[in-house]
Amino acid sequence: MKEVYVNVRENIELVKGSIHKMVFVCPDLPEFLPGQFINLAVGNYEYGALLRRPISVFKHDAAAKTFEIVFEVKGKGTKFFSRLKGGFLPATLFLGNGFTIPAGTKKVALIGGGMGCPPLYSVIEKYKKEGIKFYTYLGFSSREKAVCLEDFAAVSDKLTIATDDGSIGEKDFITNVFMKDVAKIKPDLILSCGPVPMFRSLKALNLDIPTYISMEARMGCGIGACYVCACATISGNRRVCRDGTVFDIKEVLL
Amino acid sequence: MKYYENPLSLNLCGIDLKNPVIAASGTFAFGFEFSKLYEIEKLGGISVKGLTREPREGNPSPRIAETYGGVLNSVGLQNPGVETFAKNLLPFLAPKDIAVIANIAGSTEEDYCYMAERLSSEAAVSFIELNISCPNVKAGGMAFGIEPKSVQAITKLVKKYSKKPLIVKLSPNVADIALNAKAAENAGADAISLINTVQGMAVNAETRRPILKNVFGGLSGPAIKPIALRMVWQVYNAVKIPIIGMGGIMNETDAIEFFLCGATAVQIGTANLIDPLASLKIVEGLRHFVERNKLKNLQDIRGKLIVE
C-alpha cells in the first residue's frame, strides 16, 4: 500500500444524477490485486467531509498507470467526487486482501449485486489470460442502474443478468437465476460482491463450492489501525479493511 | 542527532523523546499498519490501542459516523488482550526507537492493577496510560474517570503497581476538569493526558434511527479542538505535572496552540484516519516552526499563551 496523489483524467456520468465512472492516472501506481479498494480523500478535509471514502476498483492498467472506479452518489463525499472535472486527490492504494484464484481453477462463477458488480470485472481482467472460464451473474434493481454490461459482456464466457423489476434480464434475484444454472456449469469457485441480503441468499443455497465474498463496512482508517469496520465471523470480529474485504462465506456471520 | 541538540526533543517524566508528537490510542493500532506507509520511528511515541485484561470484541457495527468537522466512534475497545499484546505485538515495537505508551482500560480496579503490573515488567513499555475515559464501554472505562474522588482512588491504587511513569487520561465529560486533574496529581500521577472523546450521537433522519448501533459514541476530530484547548489551559493552570494535549489536532499549527496552552507533548488521533501521513507531517511542520522562530527548543513556548 502507498499514499499517493491520483489525478482525475475522466469523470463519466453513467446514470444521470446517480452512478459515475472515474478514471485516474497515477505515475506511482502500486501493485494491485482484483477486489482491492482505494481510500480516497474528499478533497480538502477542511470543507467538512473528514473521512476518506473506500471505493473498489473496476479496472486497473499497470502499463498505462491508470485505474477506474464506479460509484453511486449517496452522500457528500460521493457528491463531491461526482463534480470533479480534473485535479489531484490524496489516496491510499491499494487496500484489502483482494480475490485470489487458486492454481488449477478452471471455471469461476462471479455473482454481483448492484454497485458490487464493477469490482468483479478486475477479477476477469487479471485471470482471463490464464484460460479460466468466467460465468458472470449480475443483479440490479432495474435496467436504469445496470451499468458496465458491455464491459462484462466482452470478457465473460457467459453473462446473465437479473433485475428486481424485470426491465432487463430475468425478473428474479440473481442468486435464484444462478441456482438454476449451477448444476450445468459446475464452477470450481464462486466469487461474489454485493449487498448482505444477496450473500445471505447465496449462503442459503448451501452449495458445496468454495465461495468468497467481498464485504462492505463503514470504515475509519481503511488500513487496519482503528478497528472500526468490524465484520462478525466464527472466529470473532475481523477488520473488513485489512483481514478482508474478501472472506470465506462459511466464516462470516451474515 | 543528540538529544540536547534536537530542538524538538523533550524529557517526559524522566524519559527522552525525540519529539513531542505521539500517535493517540485507538487510531494507530500497534504501529504495524502505519509502518507500511512510513518510518514510525520518526514520531516521538505511540500510545497503543486500549488494552484490556482479556481480549475484547468491541461493540456491534456500525461503529463510526461522520459529523460536521468530526468523527463519532463506538468501537468499544476491541483488542487482543494484554497478554497477546505483550507476547506477539510488543516485539514489533521493541527494537524501534520510539516511546511505547501502553494504554490500559479495566472493568474493575483489579484489572487495572493486574495490567499495570504485567506491563511494568516489559522493558519495551516506556509509559502506562490509565484510560479511565473511554465513553464506549458500559462497565469501567469512563465510570472511573467522572468523579474526582474515583479518579484519585484508581490513580493511587494503580500507581502502586506501576513501575513505569503513569499517565492518567482524562475524560472531557465531567463537571470540572481541573478538579479531576488535581485529583490525579494528588494521587501520584506522573502526567495527565487529555482529552478523550466527547460523548455524542448521530441520527439518520431518513431511517429515524441512530447511525451507531451503540447509539452513543465518542466525538473526535477538529470539532472538539476548542473544548480540548480550553481544558488543557485549565489543567495547566491547576497542576504542575506535564500535560499531553490532544483533541482534533490536524496540523502543526493546531499542535502549537496546545503547546501555548501548556501541553508538553501532543497526541494525534483522528488526523491519522484522515491523512495517514498526518503525524509525520506534524513533526516536519514543528521542525520548520522552530527554525522559523529561531527557538532553541520547542518547549520554550510551553504555556506561553498571552492572556491580557
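Each chain gets a letter, A, B and so on, in the order the sequences are listed, and its residues count up from 1. For clarity, every value in this text was computed on a predicted model and none was experimentally measured.
Heavy-atom pairs under 4.5 Å with chain A peak, among B/Asn272, B/Leu277, B/Asn59, B/Asn79, at B/Leu277. With chain B as the partner, the residue from A/Arg218, A/Met219, A/Glu3 showing the most heavy-atom pairs under 4.5 Å is A/Glu3. Among B/Gly69, B/Gly31, B/Pro60, the residue making the largest number of heavy-atom pairs under 4.5 Å with chain A is B/Gly69.
Within 6.0 Å of CD in A/Glu31 there are 12 or fewer heavy atoms belonging to other residues, nucleotides or ligands. Enclosure of atom NZ in A/Lys2 by more than 12 non-hydrogen atoms of other residues, nucleotides or ligands within 6.0 angstrom is indicated. Summarising the local packing, CD of A/Glu216 is surrounded by 12 or fewer heavy atoms from other residues, nucleotides or ligands at distances under 6.0 Å. More than 12 heavy atoms of other residues, nucleotides or ligands shown are found within 6.0 angstrom of CZ on B/Phe92. Atom OH of B/Tyr38 has more than 12 heavy atoms from other residues, nucleotides or ligands within 6.0 Å. Surrounding CD of A/Glu144 are at most 12 heavy atoms belonging to other residues, nucleotides or ligands under 6.0 Å away. The environment of B/Glu57 atom CD is dense: over 12 non-hydrogen atoms of other residues, nucleotides or ligands sit within 6.0 angstrom. Atom OH of A/Tyr127 is surrounded by more than 12 heavy atoms from other residues, nucleotides or ligands within 6.0 Å.
Using a 4.5 Å cut-off between heavy atoms, B/Ser61 contacts chain A through its side chain alone, with no backbone atom that close. Heavy-atom distances place the side chain of B/Phe30, and not its backbone, under 4.5 Å from chain A.
Note: A/Arg239 CZ to B/Gln78 CD = 8.5 Å, rounded to the nearest 0.5 Å. One distance of note links CG of A/Asn39 with CG of B/Asp275; it measures 11.0 Å at 0.5 Å rounding. How far NZ of B/Lys36 is from CZ of A/Arg242: 6.5 Å, rounded to the nearest 0.5 Å. Separating the CD1 atom in A/Ile223 from the CG atom in B/Leu37 is a distance of 5.0 Å, to the nearest 0.5 Å.
Checked options B/Leu273, B/Thr67, B/Val71; the residue passing with A/Leu50 is B/Val71 (criterion: side-chain contact (heavy atoms from CB on, under 4.5 Å)).
Using a 4.5 Å heavy-atom cut-off against chain B, the contacting residues of residues 225-237 of chain A are A/Ala225, A/Cys226, A/Tyr227, A/Val228, A/Ala230, A/Gly236, A/Asn237.
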